[in-house]
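Note that the coordinates shown come from a computational prediction; the quantities given were computed from them, not determined experimentally.
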Amino acid sequence: MRRPHHLGAGILLTVGALLTTGTQAATAEAPKPPTNIRTLAATAAAQQQARDFWTPERMRAAAPLDLLGPRDPLSPGAAPGIPQRTGKTSTVAPTAPVEHPATVSAFPQGGGPWSGGGAVLATSGRVFFTHQGRTASCSGNAVTSDNGSTVLTAGHCVKLKGSWHTNWVFVPGYHDGQAPHGTWAAAKTLATGLWVASESINYDVGAAVVAPLNGRKLGEVVGGQGLKFNGGYNRPMYAFGFPAATPYDGKQLIHCSGNTTKDFLFTTDHALTCDMTGGSSGGPWFDSFNESTGAGLQASVNSFGYTFLPNKTYGPYFGDEVKSLYEQAQTA
């Protein structure tokens with residue numbers, strides 16, 4: 001995500017078929033796997049290696065991964081070619097929320113610790129990974145899925161500057177180096193096709209499929225939030241994340257809330273008054289959020305901010321492209 005004042009393939013398989021009529025041989029080329037999916041820790045040993053890498057000390061020292069948003073009409077992902085947002089509204093219901101005592105929070109909120117309790121304390125968490133040789137952090141959220149193992153985050157939190165991140169783990173319920181629900185290693189990471197192809201800011205959404213931990217799936221341990229696609233603009237929303245750049249330190253869950261607007265500059269993103277900083281990238285934005293249960297319908301993620309518009313945070317629109325990514329992830 002941005003700040004100082006800004007938040008932030010495939011294997012080609014060839015099958016040779018020997019024809020029995022003469023000495024003629026033919027080969028058939030299998031379809032290439034989608035290029036927007038990266039297999040990371042496919043074996044139990046590799047998954048354990050990723051978990052072992054992330055000691056509490058490394059988690060505390062991980063630098064927030066910042067993403068600069070488009071600054072002028074020539075920036076990648078800005079004009080020209082801003083997409084039109086059309087599509088049928090669809091939702092995915094939350095998994096039964098994890099029970100926590102809850103208190104009502106203030107609305108609107110420009111940025112502060114979440115004291116409302118509820119499911120969001122368990123489903124949201126910090127994301128840690130290695131990017132071009134350095135340890136870095138983002139945020140993420142567990143969502144309801146067919147595989148019970150899907151985490152949503154920002155696209156730049158799985159792949160940036162042409163490089164897929166490694167040692168990727170999700171720590172739900174993170175607090176000051178502690179992992180109360182375990183450290184979950186990604187078996188696969190994904191991003192929208194247009195983020196992978198051109199890092200278009202309008203499609204800065206990623207996902208991870210995490211491996212089971214101690215014989216249980218992520219959804220069995222922390223539950224999963226619902227989702228909303230093509231939900232429109234100008235909605236009351238709540239944004240969550242673990243900002244780690246000043247004035248925050250990444251130790252606790254921070255939230256913002258308010259009525260969103262549509263970015264009037266270079267993207268089709270939602271805009272929210274919010275002072276979250278680097279490290280909050282990938283944290284969830286909820287529509288229809290219930291403060292008492294801490295459950296809602298995820299409709300965006302923290303993505304970026306303009307340096308010349310302080311205390312504004314932007315999140316991509318969850319349209320058909322993001323719905324397609326989610327469907328890929330939940331069946332991977």
Of all heavy-atom pairs between [X] and [Y], which one has the smallest distance, and what is that distance?
{"X": "Thr144", "Y": "Leu227", "value": "O-CD1, 4.0 Å"}
{"X": "Asn141", "Y": "Phe170", "value": "N-CE1, 4.0 Å"}
{"X": "Gly173", "Y": "Pro180", "value": "O-CG, 3.1 Å"}
{"X": "Ala50", "Y": "Trp54", "value": "O-CD1, 3.3 Å"}
{"X": "Leu213", "Y": "Gly182", "value": "CD2-CA, 3.8 Å"}
{"X": "Arg134", "Y": "Pro64", "value": "NH1-O, 4.4 Å"}

Does the side chain of [X] come under 3.5 Å of the side chain of [Y] through a donor N or O and an acceptor N or O?
{"X": "Arg51", "Y": "Thr183", "answer": "no"}
{"X": "Thr331", "Y": "Asp146", "answer": "no"}
{"X": "Tyr306", "Y": "Asp263", "answer": "yes"}
{"X": "Ser139", "Y": "Ser280", "answer": "no"}
{"X": "Glu321", "Y": "Asn202", "answer": "no"}

Can you measure from [atom1] ([X]) to [atom2] ([Y]) and round to the nearest 0.5 angstrom?
{"X": "Tyr238", "Y": "Cys274", "atom1": "OH", "atom2": "SG", "answer": "13.5 Å"}
{"X": "Arg235", "Y": "Asn259", "atom1": "CZ", "atom2": "CG", "answer": "10.0 Å"}
{"X": "Trp168", "Y": "Arg38", "atom1": "CH2", "atom2": "CZ", "answer": "14.0 Å"}
{"X": "Asp287", "Y": "Thr260", "atom1": "CG", "atom2": "OG1", "answer": "8.0 Å"}
{"X": "Asp269", "Y": "Tyr314", "atom1": "CG", "atom2": "OH", "answer": "9.0 Å"}
{"X": "Asp249", "Y": "Thr277", "atom1": "CG", "atom2": "OG1", "answer": "9.5 Å"}

Can you tell me if Gln49 has over 12 outside heavy atoms packed within less than 6.0 Å of its CD? no

When you look at NZ of Lys188, are more than 12 heavy atoms from neighbouring residues, nucleotides or ligands closer to it than 6.0 Å?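 Result for NZ/Lys188: open.
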
When you measure from the side chain of [X] to the backbone of [Y], do you find a donor-acceptor pair of N or O atoms at a distance under 3.5 Å?
{"X": "His156", "Y": "Lys161", "result": "no"}
{"X": "Asn36", "Y": "Thr192", "result": "no"}
{"X": "Gln298", "Y": "Ser300", "result": "yes"}
{"X": "Ser145", "Y": "Gly148", "result": "yes"}
{"X": "Asp204", "Y": "Gly155", "result": "yes"}
{"X": "Ser149", "Y": "Asn147", "result": "yes"}
{"X": "Trp164", "Y": "Thr39", "result": "no"}
{"X": "His175", "Y": "Lys251", "result": "yes"}
{"X": "Ser324", "Y": "Asp320", "result": "no"}

What I'd like to find out is whether the side chain of [X] reaches to under 4.5 Å of the side chain of [Y], using heavy atoms alone.
{"X": "Pro284", "Y": "Leu152", "result": "no"}
{"X": "Thr267", "Y": "Phe304", "result": "yes"}
{"X": "Val196", "Y": "Lys159", "result": "yes"}
{"X": "Cys256", "Y": "Thr273", "result": "no"}
{"X": "Trp184", "Y": "Val221", "result": "yes"}
{"X": "Ile254", "Y": "Pro113", "result": "yes"}
{"X": "Phe53", "Y": "Val169", "result": "no"}
{"X": "Asn302", "Y": "Trp285", "result": "yes"}

Which is it for Thr123 and Gln225 under the side-chain hydrogen bond (donor to acceptor under 3.5 Å, both in side chains) test, yes or no, and what are the steps along the way? CA-CA 7 Å; Thr123 62; Gln225 298 283 358; 3.2 Å; yes

According to a 4.5 Å side-chain heavy-atom criterion applied to Ile, Leu, Val, Met, Phe, Trp and Tyr, with indirect links allowed, do [X] and [Y] form part of one hydrophobic cluster?
{"X": "Leu297", "Y": "Leu272", "result": "no"}
{"X": "Leu65", "Y": "Trp195", "result": "yes"}
{"X": "Phe107", "Y": "Leu121", "result": "yes"}
{"X": "Val322", "Y": "Tyr326", "result": "yes"}

Please lay out, stage by stage, how Val301 and Phe318 fare under the test side chain to side chain contact (heavy atoms under 4.5 Å, CB included). CA-CA 9 Å; Val301 296; Phe318 271 24; 4.2 Å; yes

Would Phe129 and Cys138 count as a side chain to side chain contact (heavy atoms under 4.5 Å, CB included) if you check the C-alpha gap in whole Å, the side-chain angles of each, and the deciding distance to 0.1 Å? CA-CA 9 Å; Phe129 50 85; Cys138 280; 3.9 Å; yes

Applying ring-ring contact (aromatic ring centres under 6.0 Å, His included) to Phe128 and Tyr174, what does each step give before you reach the verdict? CA-CA 11 Å; Phe128 298 97; Tyr174 176 91; 5.7 Å; yes

What about the rings of Trp114 and Phe286, do their centers lie closer together than 6.0 Å? no

Could you pull out all residues at least two apart from Phe242 that satisfy ring-ring contact (aromatic ring centres under 6.0 Å, His included)? none

Test applied, side-chain hydrogen bond (donor to acceptor under 3.5 Å, both in side chains); reference residue, Ser137; option that passes from Arg60, His131, Arg126, Arg58: Arg126

Worked verdict on Tyr317 versus His270 for side chain to side chain contact (heavy atoms under 4.5 Å, CB included): CA-CA 6 Å; Tyr317 185 89; His270 302 283; 3.7 Å; yes

Apply side chain to side chain contact (heavy atoms under 4.5 Å, CB included) to Val151 and Val143, showing your working. CA-CA 6 Å; Val151 175; Val143 294; over 6 Å; no

